[in-house]
Amino acid sequence: MTDTLPTYLSALNPEQREAVLHNGKSLLILAGAGSGKTRVITTKIAYLIRERGVPPSAILAVTFTNKAAREMAERAATIDSRAGYAMLRTFHSFGAWFLRRNARFVGLNPAFTIYDDDDMASLLASLAPEKSRADIKLIAHQISWAKDYFIGPADPELKLINHRKDFQKTYARYEERLAEIGNVDFGDLIKKPADILRSNPSFAEDFRSRFKVIMIDEYQDTNVAQFALLKELCGPETYVCVVGDDDQSIYRFRGAEVRNIIEFPDRFPNTDIIRLERNYRSTSAILRVASSVVDNNKGRLGKTLSAERGAGKIPVLAFLPNQDEEAAFAAHLIENSVQLGASDQPRGGKTAKAKHENEEKGRYSDWAILYRTNAQSLGFETELLRRHIPYRVVGSLKFYEREEIKDALALLSFLVNPRDEISFRRVVNKPARGVGEATVGRVIADAAGGDLWASARRLSPVLPARARAGLSVFIEALESGRSALTYPAGRRDTRAPAGETLFDADEARPPEVGDGAVEKTPAKKAEDAKRIKKAVKKPRTGEKGEIIAGEGLSICVATLIQNAGVAAYHRTHDEIAGNQRIANLQELANAASLYPATADGLLEFLEHIELDRSMEERDTDANVVTLITLHNTKGLEFRRVIITGVEQGVFPRDDKKEEEVEEERRLFYVGATRAMDELYFTSCAVRRMFGQTAIMEPSLFLSEIDKSALRVIGAAPRGFLMKTKLGKRRAKGAKSADEWDIGDRVFSDDHGYGYVKEIRDHATGAVLIIRFDTGKELSFLSNYHRSNLTRIDEE
DNA sequence: TAGTTTTAAGTTTTT
DNA sequence: CTTAAAACTA
């Protein structure tokens, strides 16, 4: 039996094994939901190292999220520890890595910081102050869109995004200004590396020898620019393996191009295709529901998932009157299942197995509540809190969106890059220290696109007393932050001249072609992860509310925040909210303690924050319910899933065009296939949206499911699924008609006088269409709006 | 310039 | 309804 496969390979099914052992030119793995795709990738990495002698550093594996990258690294390392030396990153983080090492090709200082969408908008606003915010946002969006499609300002294809000449001009000016500042935006992290490789053929040829194997996960969500980058990274020797599922492409709005996966075999000649269609996650009842919706899509490769886990429970669709009931329903389901487990708990001695089963039954962490938009989480949070059900909200980026955190980060960014006008404007007078618009304007004009820190220093003596004093505080704070840093290696003079950048362009690191010397060891990475957890868990704050410095980079962060007067401002300004803000700043400082107190460490810290804002280390052991957007569930699985708000206008939104509806269908498919054992849908008759109570219809997707595939709870609206006779409902409608008649005069506190124009039936009673004297027409549900609407009896 | 009041606008999904 | 920007006042 010496010729049998090693255990880690024999554990795979034939298709998975074929995918792992495949060798040839390029490979496309079409992996359905729950088909063990991650396992294939991680095993393949280990296999290449073990059996094929591929050096780990010659393997590049690209994932979609940082979380996925971490997970993959962990799993691969359990098969072979050397896998930890492979490069596992997101596309953007790979782009940043590449760009820092090869920035000189595009005249960029390697110490760039990364602008997020807000910074992008601020920069655009400073270029075109006459434009409204909505316009700025649109332009910002179109520019990122262009970059996702690998279109520069000079490319004729730009017309396809916005044909107007002034858009082209704005884009060009934006690029110029960004280059002057020396920063990059998200799109640049992909586009610039591709540009560099494309326009430097001999360098590109050298670089291609670094990575012999390139694997890309979630390939269905890559965009045109990422495809271009992939093409540039591939030499004649490179082995390319992409993995994806066209039915799970859900990031079109961000430039994802499903065609990348559909046309992959055409773009990479001699591609072999392997399909993974055995689903190990969900029961067939769940898969049936998921497939019946996505089957309505036209543009897809098509596949048939087979359930390896048997029939299972029929998914439940609950029609509920409103959001509160929806939250209560979800909470009730969870509570019930957990209590069931608890009450079954053995009183006396029972076997460990029985105990284990009970525990499984009763865990909060089996449950996930899914919703389309982050805003929907609120109602569930309230209800879960009330019932003392533990939960966690995944992925709302709130922490880094808090004003105090953005301010602190802007201070740090400015410290790294004193040409960063956007950060400078944000923090120079925050908290207010007498540096007004006029002074800011003078400094910016004086710097003329150059070093603002130096200009501030130079101008300070000639400014009026108040501005001078304020600016001095700002400059001194920066200097205190800088002196908390050690300078980059190789620099003799630790005392930098005033206003000098931490990194100078001429000091740029030499280009790196495949050395990989600075990569962290797997052990180091694991240790870092532990320290992150520890630091984040224990936020300490000083007694008087000052920010306490820990070790490493936190000294710099704490010093800077402290001396800029930010902490003092929050402390004195708002006692209640201020405490929270200071605690947040403290948390930021704590997170920084993991990085060395060097300029490089600061850069690394900022980059980490820009590229991975999720903050939470997913603590899989915690026994809590997960609240999460449908988008965020990609790659996750839960025993029991509740998909909420399955209503027309919410999921899908009604303003969707056909192609976008297809994308929402895929999102439905992604959400439903997260469930292992039980799946629930909730659909409300009424929902508070935009500050108004709207009458909802069940989602189009629900009507695409065969009624035998779902168990329906609650009253379905008429005409939906159940083919009830019209007359039956009429009788009920007549009931409410004795309260309301067409033509009744009504009064509403919000909208004034009006009359009943129409009465319609709905799941929970009559719907009144009221035409107000203002000309506005609104719908009211008679059972839920009585307080808002009164009938005026006329003679 | 800072703080307050008023008004308007916006709510998808994320690296 | 909430949040953010603009306008206004001290």
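Proteins come first, then strands; the chains are lettered A, B, ... in the order of their sequence lines, and each starts at number 1.
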(request) State which residues pass ring-ring contact (aromatic ring centres under 6.0 Å, His included) with A:Tyr669; sequence neighbours excluded, sorted by chain then number. (result) none
(request) For DNA chain C, note the earliest and the latest nucleotide, 5' to 3', having some atom under 4.0 Å of a heavy atom belonging to chain A. (result) C:dC1 to C:dA5
(request) Sequence neighbours left out, what passes side chain to side chain contact (heavy atoms under 4.5 Å, CB included) with A:Ala103? Give chain and number order. (result) A:Leu108, A:Pro110
(message) Between A:Asn374 and B:dT14, is there a contact of a side-chain N or O with OP1 or OP2 at under 4.0 Å?
(response) yes
(request) Taking side-chain hydrogen bond (donor to acceptor under 3.5 Å, both in side chains) as the test, write out the residues that go with A:Asp246, two or more places apart. (result) none
(message) Tell me which pairs pass salt bridge (charged side-chain N to carboxylate O under 4.0 Å, His left out) where either residue lies in residues 220-233 of chain A, with sequence neighbours left out.
(response) A:Arg198-A:Glu232, A:Arg208-A:Glu232, A:Asp221-A:Lys634
(message) Under the rule for side chain to side chain contact (heavy atoms under 4.5 Å, CB included), what residues qualify as partners of A:Arg252, not counting sequence neighbours?
(response) A:Glu659, A:Glu660, A:Glu663
(request) Check each residue of residues 243-253 of chain A for a non-hydrogen atom within less than 4.0 Å of any atom in DNA chain B, then write out the ones that pass by number, or none. (result) A:Tyr251, A:Phe253
(message) Requiring both pairing distances under 3.5 angstrom, list the stems that contain DNA chain B and are made of three or more consecutive Watson-Crick or G-U pairs.
(response) B:1-10 with C:1-10
(message) A:Asp195: which residues meet the side chain to side chain contact (heavy atoms under 4.5 Å, CB included) condition with it, sequence neighbours left out?
(response) A:Phe150, A:Lys191
(request) May I have all residue pairs that pass salt bridge (charged side-chain N to carboxylate O under 4.0 Å, His left out) and include part of residues 370-379 of chain A, sequence neighbours excluded? (result) A:Arg372-A:Glu664
(message) Can you list everything that forms a side chain to side chain contact (heavy atoms under 4.5 Å, CB included) with A:Arg442? Sequence neighbours excluded, please.
(response) A:Leu459, A:Val462, A:Leu463
(request) List for me each residue that meets salt bridge (charged side-chain N to carboxylate O under 4.0 Å, His left out) alongside A:Asp245, sequence neighbours excluded, and say none if there are none. (result) A:Lys303
